Protein chains: 2
Amino acid sequence: MARRKPIARRTLHDEIVSSLRDMITADEFPPGSKLPEKSLCDYFGVSRTPLREAFKVLAAEGIVELLPSRGVRVTQQTLEDIEEIFEVLGVLEALSGDLSCLRMSDDEIARVRELHERMVDHFNKGERLPYFHLNQQIHECIMAGAGNRHLAEVYTRLSGKVRRTRYLSSLSERRWKQAVGEHAAMINALENRDGERLFRILREHLKNKADAARATLLAAEAEQHETK
Amino acid sequence: MARRKPIARRTLHDEIVSSLRDMITADEFPPGSKLPEKSLCDYFGVSRTPLREAFKVLAAEGIVELLPSRGVRVTQQTLEDIEEIFEVLGVLEALSGDLSCLRMSDDEIARVRELHERMVDHFNKGERLPYFHLNQQIHECIMAGAGNRHLAEVYTRLSGKVRRTRYLSSLSERRWKQAVGEHAAMINALENRDGERLFRILREHLKNKADAARATLLAAEAEQHETK
DNA sequence: GATATGAGTATTGTATCCAATACCGTTTGA
DNA sequence: TCAAACGGTATTGGATACAATACTCATATC
């Protein structure tokens, strides 16, 4: 009898890693805050061992930092970090587009087109949140269509670090309109399987996203200073 | 008094992570082999706790995989993995070139030129190992010159996964000559600060490296079949 | 003879324990 | 009044102990 390969059972620290990751991106632990071992042990109902192993994993992912003998805290992304990460995300998404032009089936491309149409619909109605989610979905589709797991993994890890910023940053009307235009061009290039063009469009697209994110962050910082 | 920021003391599991990483890339534990907890505890003279934490970190980096209740083994890269990784490395190096054209000082560029000259020298004399190392150094210089820590980190992690393959694969005379030509073009683009061109050259360069690696791997596989 | 079964052993996952370090409030001396 | 020193407490790093799971090899059954 053929044996199933993925025995993949989950261990405690695995569960904890996922939970903590979610809690951190959900802002339950804001950047810079400490993660107290004891209370988290109580919260999860486990001993310190698996929890500490989870910390090591999250630290390796760059989500938290370990201060020897002084605990664990959520990493604080500086403006420079955000800019750097977006630079890298740019080429990663660009690559995903390039590869998708080679590897996606016509059906898959049609599906992306469909998502796009729905997204434009939301844009016309001025519905920001549904727009945002469809936008995400489109990029995920293209990333998946590239058929490169290592690319997808690296992308997920990096984009996780700026997810919070992305949620916070809302577009200006002008930028929003521009973004929709870029998306139209993307779909076009994809349907023509023009990888080189899609590559350029996506890189540019991400550069613009980075600008938007930077603007939001600067505004938020300014506000903070004012409050103080 | 101003306090120093980087308190960065090293913990046991940190040391172990570095050691294990080196041991694995040095092929002391070939891909697919198991990492026995007990003997490694004896070897390092530590208890299981820090060793297991180190395992979790290495697993997060993708260097080993954890089989629940069945131990830890060095991840086996398939041919597909290698190809995927090289695809990603291609755009990462390309980006580093692009950014270096913007951000490197003239002095730094001159230093790269110098390394290049020495490398060509070794090529002319047919000295493969020194050539190999200078080659590495040049790419590292450009990666550093990009001034993007997140890029550098992602790159290091991914390239670590194919380091072994790179070591194993030795170039054909023809490919070697071609590589030197590509390197000359790279230096040229860098000195002219033509980021766009350097981007394309580096991506192409990595594509060719991937081809070379693939050829070696296929040859090695064929040989293995023969022996069997 | 080959496959299945099960006891014994080894190895792993988690919990607990001890030691070392950092944190905090108080006291004491200038 | 302020700052440095001190002692107690909390928290962390590492070692050990216990429990659960998987592996091994011998025996039994067909």
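For clarity, every value in this text was computed on a predicted model and none was experimentally measured. Residue numbers start from 1 in every chain, and the chains themselves are labelled A, B, ... in the order their sequence lines are given, proteins ahead of strands.
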Would you mind reading off the distance between K38(B) atom NZ and dA15(D) atom P, rounded to a whole angstrom?
-> 14 Å
What residues 40-48 of chain A contributes to the DNA chain C interface at heavy-atom separation below 4.0 Å is V46(A), S47(A), R48(A)
Side chain proximity check, T11(B) to D14(B), heavy atoms < 4.5 angstrom = yes
Take atom NZ of K56(B) and atom P of dG13(D), then tell me their distance rounded to the nearest Å.
-> 16 Å
Rounded to whole Å, CG of D14(B) lies from P of dT12(D) at a distance of 17 Å
Can you list every side chain to side chain donor-acceptor pair (under 3.5 Å) pair that touches residues 40-49 of chain B, not counting sequence neighbours?
-> E37(B)-R48(B)
Which protein N or O atoms sit under 3.5 Å from an N or O of nucleotides 6-8 of chain D?
none

For residues 130-152 of chain A, pull every pair meeting salt bridge (Lys or Arg N to Asp or Glu O under 4.0 Å), keeping only residues two or more places apart or in separate chains.
-> R149(A)-D81(B), R149(A)-E84(B)
What is the distance from CG of L67(B) to P of dG13(C), rounded to the nearest Å?
-> 9 Å
I109(B) meets the side chain to side chain contact (heavy atoms under 4.5 Å, CB included) criterion, sequence neighbours left out, with M104(B), L190(B), E191(B), R193(B)
Grab the CD-P distance between E37(A) and dT9(D) for me, whole Å please.
-> 21 Å
Which residues share a side chain to side chain contact (heavy atoms under 4.5 Å, CB included) with E15(A), sequence neighbours left out = R10(A)
Within this structure, what is the CG-to-C1' distance between L35(A) and dT11(D), rounded to whole angstrom?
-> 14 Å
Rounded off to whole Å, could you give me the CD-to-P distance for the E53(A) and dT14(C) pair?
-> 7 Å
How would you list, by chain and number, every residue that makes a side chain to side chain contact (heavy atoms under 4.5 Å, CB included) with S172(A), sequence neighbours excluded?
-> R174(A), R175(A)
H122(A): what forms a side-chain hydrogen bond (donor to acceptor under 3.5 Å, both in side chains) with it, not counting sequence neighbours?
-> E127(A)
Is D98(A) salt-bridged to R203(B), going by a charged N under 4.0 Å from an acidic O?
-> yes
The side chain to side chain contact (heavy atoms under 4.5 Å, CB included) partners of T156(A) (sequence neighbours excluded) come to none
Could one point to a donor on the side chain of S69(B) or the base of dA22(D) with an acceptor on the other under 3.5 Å away?
-> no
What residues form a side-chain hydrogen bond (donor to acceptor under 3.5 Å, both in side chains) with R103(B), not counting sequence neighbours?
-> E87(A)
Kindly state each residue pair satisfying ring pair (Phe, Tyr, Trp, His ring centres under 6.0 Å) with at least one member in residues 132-164 of chain B, sequence neighbours excluded.
-> F132(B)-Y167(B), H139(B)-H183(B), H139(B)-H205(B)
Measure all distances between protein nitrogen or oxygen atoms and nitrogen or oxygen atoms of nucleotides 23-25 of chain D, and list the pairs falling under 3.5 Å.
{"residue": "dC23(D)", "atom": "OP1", "partner": "R70(B)", "partner atom": "NH1", "Å": "3.4"}

Grab the CG-P distance between L66(B) and dT21(D) for me, whole Å please.
-> 18 Å
